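Presented below is the structure to which this report refers.
All values derive from a computational prediction rather than experimental measurement. If you read the sequence from its start, that first residue is 1, and numbering goes on from there. Just so you know, ligand 1 is whichever comes first in the structure, and atom 1 is the first atom listed for that ligand.
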Amino acid sequence: MILKTSKEILGEFILCNHCLGRQFGKISISTNERRGEVIRNLLNCLNPDLNPALSRQNPCFLCDNIFERTEDILKNISPDFEFFTFHAGTKIPEEIIKKEEMIKEKYNLQYQESIKQELNRELGKKVGAIIGKDFKREKEDVTILLHPYDSKVEYFINPLFIYGRYNKLLRGIPQTKWFCTKCKGRGCPKCGHTGKMYDESVEELISKIFLEETKGADSSFHGAGREDIDVLMLGNGRPFVLEIKSPKIRDIDLQKLELEVNQINEGKVRISELRFVEKEVVEKIKNANMRKTYLAEIDICLNEEEKRKIEDYFVDRDIYQETPNRVIHRRSDKTRIRKVYKVLTSKENCSSLEIYCDGGLYIKELISGDEERTNPSIAELLGKNIKCVLLNVISIEEKV
Ligand SMILES: [Zn+2]
Ligand SMILES: [Zn+2]
């Protein structure tokens, strides 16, 4: 059966042993080249002038003798960046894939292996030997894409993900880069041609040093929620993942960089608990249920009765909160339900509140009521106008 079909194919097309053997690639475990050679030898014994020898003048119809040139293809690999694991693939011209499909259909070849599969396998093995790195099927540091027919190599360097927690010790710094609302980042008189609303952000203060160290192209900052620009992030800090895109250096000393970031940003931003993580952690910290503790200063002095009233009322209390007036222009209007677990007042101070609640609750509005968009609220409970004048996050815990 194989011999009969092979004879028909070779009667019409010149094929190298690789491409001949590959037409029956999924039948047996031998290499395609060896299988092709065996078939050809058998056929040649039976029909001596069936198929002319392969040569530069008579190249293989399917692959153009690419398997003789694999060493040349691999010479183009010269990465100028650091990596430890790789995955390799090949880009095969459309025209070759079409020829292969045509033969497959014409001779009804159900066990054909594709040229892409064979080249990936053959070249992948050799790439590993040449660059001396480990092949990895997924989560590799770099994907090497060979273009065997164009003498070209492309590298796709995968990002580095670094987890940590940050403290914000100074008010007036946004968490992430905030583009100028007028020019959207291009630069204009309003923003002093910086393209930004604020000179600094937690993101930039942290990522700058990591970008320098890794020679990365760019970075993204993924925070587990965010605090308002005028709110401090104290205590154990807020989880974040810093994503470094196309790093040229991966083996960085996180402890050393932590110290550097903390030294340079003293009094502004502090980071801790740095470690390398996988990409999945980004989604995980973004969707994590957090419990937060806030310290709020309000603009009135509470008497003892009011203090007791607040502490008694806000115990495991559901708060219905429409998107606050102050952010409605940039966030969709919806009602969210978040819990306040408890509120503690202070013995020494008549205007301090310690609030234990779910992440995602707007504290300023929990205090003011936000024109009845937040229910219940502390203002409503006491029947007074109350505003939050100072706010700090003092702890963030993962909810279990
Ligand atoms: Zn071939
Ligand atoms: Zn601008």
Side-chain angles (χ1 to χ4, degrees), residues 2 5-28 30-44 50-74 90-107 109 111-126 146-151 172-174 176-201 203-204 229 329-330:
I2 291 178
T5 311
S6 297
K7 190 180 164 192
E8 280 172 31
I9 298 174
L10 290 180
E12 196 164 353
F13 304 104
I14 297 172
L15 291 186
C16 70
N17 285 341
H18 283 271
C19 290
L20 177 60
R22 207 173 54 250
Q23 304 313 316
F24 313 97
K26 292 172 187 167
I27 290 179
S28 63
S30 157
T31 67
N32 290 326
E33 187 184 17
R34 176 77 190 130
R35 188 182 310 103
E37 192 187 346
V38 169
I39 295 171
R40 189 184 307 275
N41 286 343
L42 278 169
L43 284 175
N44 280 350
L50 175 72
N51 202 258
L54 215 59
S55 70
R56 286 211 192 286
Q57 286 73 39
N58 284 323
C60 172
F61 168 75
L62 268 184
C63 75
D64 193 27
N65 302 357
I66 196 77
F67 292 96
E68 289 174 6
R69 302 198 297 274
T70 52
E71 299 302 324
D72 293 342
I73 296 164
L74 296 167
T90 50
K91 180 87 184 139
I92 310 294
E94 198 58 30
E95 150 206 355
I96 291 181
I97 294 172
K98 281 205 176 113
K99 282 185 188 174
E100 190 168 64
E101 279 166 6
M102 181 270 287
I103 290 192
K104 180 175 182 173
E105 231 166 89
K106 186 165 183 180
Y107 299 100
L109 301 166
Y111 301 101
Q112 182 195 61
E113 186 192 34
S114 71
I115 184 165
K116 189 181 171 70
Q117 278 174 304
E118 181 167 7
L119 275 174
N120 278 352
R121 192 173 55 236
E122 294 300 309
L123 292 172
K125 271 188 281 189
K126 290 180 180 167
L146 299 158
H147 296 248
Y149 290 88
D150 300 328
S151 305
I173 308 175
T176 50
K177 221 180 330 189
W178 195 332
F179 288 115
C180 170
T181 47
K182 188 148 188 217
C183 67
K184 306 269 185 287
R186 288 187 304 276
C188 70
K190 187 189 171 191
C191 57
H193 303 282
T194 59
K196 296 187 292 185
M197 297 290 279
Y198 299 90
D199 277 350
E200 300 182 314
S201 62
E203 167 180 25
E204 289 161 286
I229 187 159
H329 60 282
R330 57 191 162 90

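- Partner Asn32 forms a side-chain hydrogen bond (donor to acceptor under 3.5 Å, both in side chains) with one of Gln117, Glu118, Glu37, Arg22 and no other, that one being Glu118.
- The Zn ion (ligand 2) has no N, O or S atom of His193 under 2.8 Å away, backbone or side chain.
- Between SG of Cys180 and SG of Cys188, the angle at the Zn ion (ligand 2) works out to 110°, rounded to 10 degrees.
- When SG of Cys16 and SG of Cys19 are joined through the Zn ion (ligand 1), the resulting angle is 110° to the nearest 10°.
- Taking the Zn ion (ligand 2) as the corner point, the angle from Cys191 atom SG to Cys183 atom SG is about 110° (rounded to 10 degrees).
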Quiz prompt | CA sep, side-chain torsions, deciding dist, call: Lys99, Ile115, side chain to side chain contact (heavy atoms under 4.5 Å, CB included) | solution = CA-CA 11 Å; Lys99 282 185 188 174; Ile115 184 165; over 6 Å; no
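- Separation of atoms CD (Gln23) and CG (Leu15) is listed at 6.5 Å; rounding is to 0.5 Å.
- Ring pair His18/Phe67 is parallel by interplanar angle, where below 30° counts as parallel and above 60° as perpendicular.
- The existence of a salt bridge linking Glu113 and Arg121 is confirmed by a sub-4.0 Å separation between a basic side-chain nitrogen and an acidic carboxylate oxygen.
- Here the angle at the Zn ion (ligand 1) defined by SG in Cys60 and SG in Cys63 stands at 110°, rounded to 10 degrees.
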